[in-house]
Amino acid sequence: GDIRDVLINWLAQSDVVYLEKVGGYVGGKGAPGSAMFNFGYNVGYLHGLIASMNIRMIEVTPQRWQKTIGAGNKATHGTKWKAHLKQLAQQRQPGILITLKTADALGIMTWATQKWAA
């Protein structure tokens, strides 16, 4: 409930929300089905919450926003790839502490601002 309330308060100030368009694959080899179910459930929860507030939602694939930030080809996987994305985000936003958890959001934000600036 607390997270829901925070999201509702944040969304109430928004005209549009940008989300990464995700697929059904979660984690590496041997990821349990329960992890995939929980991931899908949470994504669906966000979609429903956003829709219930009549806020425009724009989804972008990882490949598309990563191309915008010049990430290159996904030559590495997992933590190395996330560290690469974090480094690129940190270069773009040196005054902000970027973490592995926030790097994707900043990449999506970069894509969104470039898309709508044109």
Side-chain angles (χ1 to χ4, degrees):
D2 291 341
I3 291 174
R4 183 197 67 230
D5 293 343
V6 168
L7 282 171
I8 287 173
N9 288 333
W10 179 76
L11 288 170
Q13 302 172 37
S14 304
D15 295 331
V16 63
V17 173
Y18 297 90
L19 292 177
E20 184 173 76
K21 187 172 187 171
V22 295
Y25 180 76
V26 177
K29 287 185 177 181
S34 60
M36 290 183 266
F37 177 85
N38 288 333
F39 181 73
Y41 180 88
N42 290 327
V43 169
Y45 180 84
L46 286 174
H47 280 241
L49 187 62
I50 294 164
S52 73
M53 297 182 71
N54 293 320
I55 297 171
R56 183 175 177 209
M57 179 176 52
I58 298 174
E59 291 183 290
V60 58
T61 63
Q63 296 82 5
R64 201 160 175 196
W65 70 257
Q66 289 170 9
K67 182 178 180 181
T68 300
I69 66 167
N73 294 330
K74 194 171 182 176
T76 60
H77 302 324
T79 306
K80 287 182 181 181
W81 181 248
K82 296 294 276 182
H84 174 63
L85 296 175
K86 176 184 176 277
Q87 179 186 20
L88 292 172
Q90 192 66 72
Q91 289 171 354
R92 289 180 177 276
Q93 300 289 336
I96 300 173
L97 176 63
I98 309 296
T99 68
L100 293 176
K101 293 180 180 182
T102 61
D104 287 8
L106 285 167
I108 293 168
M109 181 190 73
T110 300
W111 171 82
T113 55
Q114 289 183 11
K115 176 178 174 57
W116 298 111

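Residue numbers run from 1 in the order of the sequence given. Predicted, not measured: the structure shown is a model, and the values here were computed from it.
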Any side-chain heavy-atom pair of [X] and [Y] under 4.5 Å:
X	Y	value
Leu106	Met109	yes
Gln66	His84	no
Ile58	Trp111	yes
Thr110	Arg92	yes

Would you compute the distance between atom [atom1] of [X] and atom [atom2] of [Y] and round it to the nearest 0.5 angstrom?
X	Y	atom1	atom2	value
Glu20	Arg64	CD	CZ	13.0 Å
Arg4	Asn9	CZ	CG	10.5 Å
Gln91	Lys86	CD	NZ	11.0 Å

Any idea which heavy atoms bring [X] and [Y] closest together, and the distance?
X	Y	result
Met53	Ala12	CE-N, 3.8 Å
Thr102	Thr99	OG1-N, 2.9 Å
Leu85	Ala71	CD2-CB, 3.8 Å

Any chain of hydrophobic side-chain contacts (each under 4.5 Å) joining [X] to [Y]?
X	Y	answer
Leu11	Ile3	yes
Tyr45	Ile55	yes
Trp81	Trp65	yes
Val16	Ile108	yes
Trp10	Ile8	yes

Query - Worked check of side chain to side chain contact (heavy atoms under 4.5 Å, CB included) between Glu59 and Val22 - result: CA-CA 9 Å; Glu59 291 183 290; Val22 295; over 6 Å; no
Report task. Might you work through the side chain to side chain contact (heavy atoms under 4.5 Å, CB included) test for Leu19 and Ile50, ending with a clear yes or no? Result -> CA-CA 11 Å; Leu19 292 177; Ile50 294 164; 3.8 Å; yes
Query raised in the report: Ignoring hydrogens and geometry, is there a side-chain-to-backbone donor-acceptor pair from Gln90 to Ile98 under 3.5 Å?
Result: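 Yes; at least one donor-acceptor contact below 3.5 Å.
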